[in-house]
Q: 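Got a structure for you, written out below as structure tokens; questions coming shortly.
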Amino acid sequence: MDGLLEGKCVVVGVCGGIAAYKAVDVVSRLKKHKAEVHVIMTESAVKFVAPLTFQSISGNPVTSDMFSEPKKWNVEHISLARKADIMVIAPATANILGKVCAGIADDMLSTTIMATNAPVLFVPAMNHAMYENAIVQQNISKLGSLGYLFMEPDTGLMAAEGEYGKGRLPEPQAIVERILREVGRAKDMEGKRVLVTAGPTREPIDPVRFISNHSSGKMGYAIAEAAIKRGARVDLITGPVSIPKPQLANVINVNTAEEMHKAVFERYQQQDVLIMVAAVADYRCKNIEGRKIKKAGESLTLELVKNPDIAADLGKVKGDRILVGFGAETHDLEKNAVLKLNSKNMDIIAANDVTQDGAGFGTDTNIVKLFKRDGSVVELPKMSKREVAESILNEIVKILSEKK
Ligand code: PMT
């Protein structure tokens, strides 16, 4: 009993699927971490596992019927929605994903999901053909872009059909580890120091004009926030953006690429991990006019000179530190990303095709492919930037633990 979830309320939603029995193990593990656990079952879930099983293990009444809620819950079926620190839907069927996606709230589980402000983690498990169905994938993508959290199903032999494919419920231990990361006090980056660059740089032309790009800072800030949640101390070196600063990060505001380079190099030695998300201008004006340039001839020529490449310079001196970069690509994604990975001596590059819908600059979602030093590739579907951040940190944590 480690108490990592002490004081936390986890609402587990169980849908009707062969994997429902595994949710019993999830509940049991949550109890071992001292969580308060409440189970809501769909009508079909009770055909797979008896509610009494969940009741005995969670120590709380189980419901599947909105109209016979246990008295304990103050009549309102939304009491649990308010009480939850996180809702975990495992197994999540195509049916519940479709319902939530369409805004349908017609039973205890869908109503509670709709009424909660807590994070909702869907753990889909279903027949592999159903999982790959375009409608299901669209629903997952839409829910992901709305901030719902997802775990990918495992690939393997499907219990019911004896077929091989992607659709198995991940192991209960993995589900609980994910819950711990979201709301628990499990800190797999405890004691680590992480430096993140984020946002655009602004390269002045004259006192009122500059060269910049569309970076909003969302991707870098999501990484900083997720690393803080995992226990890391974070230095966030940010170009000018208009989103809220992550609480608990040491935020250093800069404007130009040269300022960002200086801020990074003043701090990189104390770090374990360096994550370069900023969209740094490759060039700056050779001469910055002291006074506003007046409109004169039909054309105006600006002479640009190369900015320092922060990631490449870090690659030369990084030593044992983990260096992660991003590749903003519009074409030849793999070729360009791998070139940057190697030339800048990175451990991982997260390449995003910024021409794709829901990817790159300004969006709340991203679509990235992670190219790693060992040649392996992790292809992530469209997810919220927070989810992308978690996936990148998972890879970093793996490398950190290999280095131990
Ligand atoms: O901020 P958002 O709106 O959320 O958008 C996110 C994003 C699109 C900015 C992000 O996902 C992204 O792709 N960031 C990298 C942008 C970029 O400049 O990519 P690049 O391929 O030009 O550079 C490759 C790497 O070198 C990057 O890690 C970059 O930070 C780094 N670099 C580049 C030039 C330079 N002078 N110094 C650098 O450190």
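Counting starts at 1 for both ligands and their atoms, following the listed order.
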Q: May I ask you to list the atoms of ligand 1 that are less than 4.0 angstrom from any heavy atom of Asn366?
A: 11 (O)
Q: Mind checking whether Gly220 has an N or O less than 3.5 Å away from an N or O of ligand 1?
A: no
Q: Do NZ/NE/NH1/NH2 and the carboxylate oxygens of Lys398 and Glu402 come within less than 4.0 Å?
A: no
Q: Tell me the contacting part of Ile349 for ligand 1: side chain, backbone, both, or neither, using a 4.0 Å heavy-atom threshold, strictly below.
A: neither
Q: With a 4.0 Å cut-off on N to O distance, would you call Lys22 and Glu171 a salt bridge?
A: yes
Q: Would one find more than 12 heavy atoms of other residues, nucleotides or ligands at under 6.0 Å from atom CG of Asn117?
A: no
Q: Does a side chain donor of either Ser391 or Asn394 reach within less than 3.5 Å of an acceptor in the other side chain?
A: no
Q: Side chains of Asn366 and Asn352: is there a donor and an acceptor less than 3.5 Å apart?
A: yes
Q: If the threshold is 4.0 Å, N to carboxylate O, is there a salt bridge linking Lys8 and Glu36?
A: no
Q: Taking 4.0 angstrom as the limit and counting only heavy atoms of Gly362, give me the atoms of ligand 1 inside it, by number and element.
A: 2 (P), 3 (O)
Q: Can Pro308 be said to touch ligand 1, with heavy atoms closer than 4.0 Å?
A: yes
Q: For atom 11 (O) of ligand 1, what's the nearest protein heavy atom and its distance?
A: Asn352 OD1, 2.6 Å
Q: Under a heavy-atom criterion of less than 4.0 Å, does Lys385 contact ligand 1?
A: yes
Q: Compute whether any side-chain donor of one residue and acceptor of the other, for Thr355 and Asp353, lie under 3.5 angstrom apart.
A: yes
Q: Under 3.5 Å between some N or O of ligand 1 and some N or O of Phe326?
A: yes
Q: Please work out which of Lys344, Met219, Met346, Lys340 has its closest non-hydrogen atom nearest to atom 6 (C) of ligand 1.
A: Met219
Q: Between Asp364 and Lys218 (salt bridge meaning N to carboxylate O under 4.0 Å), is one present in this structure?
A: yes
Q: Give a yes-or-no answer on whether the side chains of Tyr164 and Thr155 include a donor-acceptor pair shorter than 3.5 Å.
A: no
Q: Would you say the side chain of Asn60 lies within less than 4.5 Å of the side chain of Phe54, judging by non-hydrogen atoms?
A: no
Q: Name the closest protein heavy atom to atom 38 (C) of ligand 1, giving the residue it belongs to and the distance to 0.1 Å.
A: Asp309 OD1, 3.5 Å
Q: Flag the pair Leu314 / Val264 as yes when at least one side-chain heavy-atom distance between them is below 4.5 Å, and no otherwise.
A: yes
Q: In ligand 1, which numbered atoms sit nearer than 4.0 Å to a non-hydrogen atom of Gly217?
A: 1 (O), 2 (P), 3 (O)
Q: Would you check the N or O atoms of Ala311, main chain and side chain alike, for any that come under 3.5 Å of an N or O of ligand 1?
A: yes
Q: Which ligand 1 atoms, with their elements, are less than 4.0 angstrom from a heavy-atom of Gly325?
A: 28 (O)
Q: List every atom of ligand 1 that sits less than 4.0 Å from any heavy atom of Lys218, numbering the atoms from 1 in the order shown and giving each element.
A: 1 (O), 2 (P), 4 (O)
Q: In the protein, which heavy atom is nearest to atom 2 (P) of ligand 1, and how far is it?
A: Ser216 OG, 3.4 Å
Q: Return yes when Ala257 approaches ligand 1 closer than 4.0 angstrom through a heavy atom, no otherwise.
A: no
Q: Given Phe326, which of Met346, Met219, Lys340 fulfils the side-chain contact (heavy atoms from CB on, under 4.5 Å) condition?
A: Met219
Q: Does any N or O atom in Ala278 lie less than 3.5 angstrom from one in ligand 1, N or O only?
A: yes
Q: Under 4.0 Å from a heavy atom of Gly327: which atoms of ligand 1 are those, numbered in the order shown and with their elements?
A: 21 (O)
Q: Suppose I only count heavy atoms of Gly360 and a 4.0 Å limit; which atoms of ligand 1 are within that range?
A: 5 (O), 6 (C), 8 (C)
Q: Answer yes or no: does an N/O atom from Asn307 fall short of 3.5 Å to an N/O atom of ligand 1?
A: no
Q: Does the residue Thr197 have a heavy-atom contact with ligand 1, meaning some pair of atoms that are separated by less than 4.0 Å?
A: no
Q: Quick test: of every protein heavy atom, which one is nearest to atom 35 (C) of ligand 1, and how far off is it to 0.1 Å?
A: Val280 CB, 3.5 Å
Q: Which protein non-hydrogen atom lies closest to atom 28 (O) of ligand 1, naming both residue and atom, and how far is it?
A: Met276 O, 2.7 Å
Q: Evaluate Ala328 for polar contact with ligand 1, using N/O atom pairs at a separation under 3.5 Å.
A: yes
Q: With only distance considered, is Ser215 within less than 3.5 Å of ligand 1 through an N or O on each side?
A: yes
Q: Taking the six-membered ring for Trp and the single ring otherwise, decide whether the centroids of Phe122 and Tyr148 are under 6.0 Å apart.
A: yes
Q: Give a yes or no on whether Lys262 atom NZ has more than 12 heavy-atom contacts from other residues, nucleotides or ligands under 6.0 Å away.
A: no
Q: Run the side-chain donor-acceptor check on residues 192-200: report pairs under 3.5 Å with partners two or more places apart or on a different chain.
A:
residue: Arg193; atom: NH2; partner: Asp235; partner atom: OD2; Å: 3.0
residue: Thr197; atom: OG1; partner: Val277; partner atom: N; Å: 3.2
residue: Thr197; atom: OG1; partner: Ala278; partner atom: N; Å: 3.2

Q: Check each heavy atom of Asp282 against ligand 1 and say whether those closer than 4.0 Å belong to the side chain, the backbone, both or neither.
A: side chain
Q: Compute whether any side-chain donor of one residue and acceptor of the other, for Asn95 and Thr93, lie under 3.5 angstrom apart.
A: no
Q: Starting from atom 18 (O) of ligand 1, locate the nearest protein heavy atom and write down its residue, its atom name and how far away it is, to 0.1 Å.
A: Ala279 CA, 3.4 Å
Q: Can you pull out the closest protein heavy atom to atom 14 (N) of ligand 1? Residue, atom name and distance to 0.1 Å, please.
A: Val277 O, 2.9 Å
Q: Mark yes when over 12 heavy atoms from residues, nucleotides or ligands other than Lys403 sit less than 6.0 Å from its NZ; otherwise mark no.
A: yes
Q: Quick one: nearest non-hydrogen protein atom to atom 37 (N) of ligand 1, plus distance?
A: Ile310 N, 3.1 Å
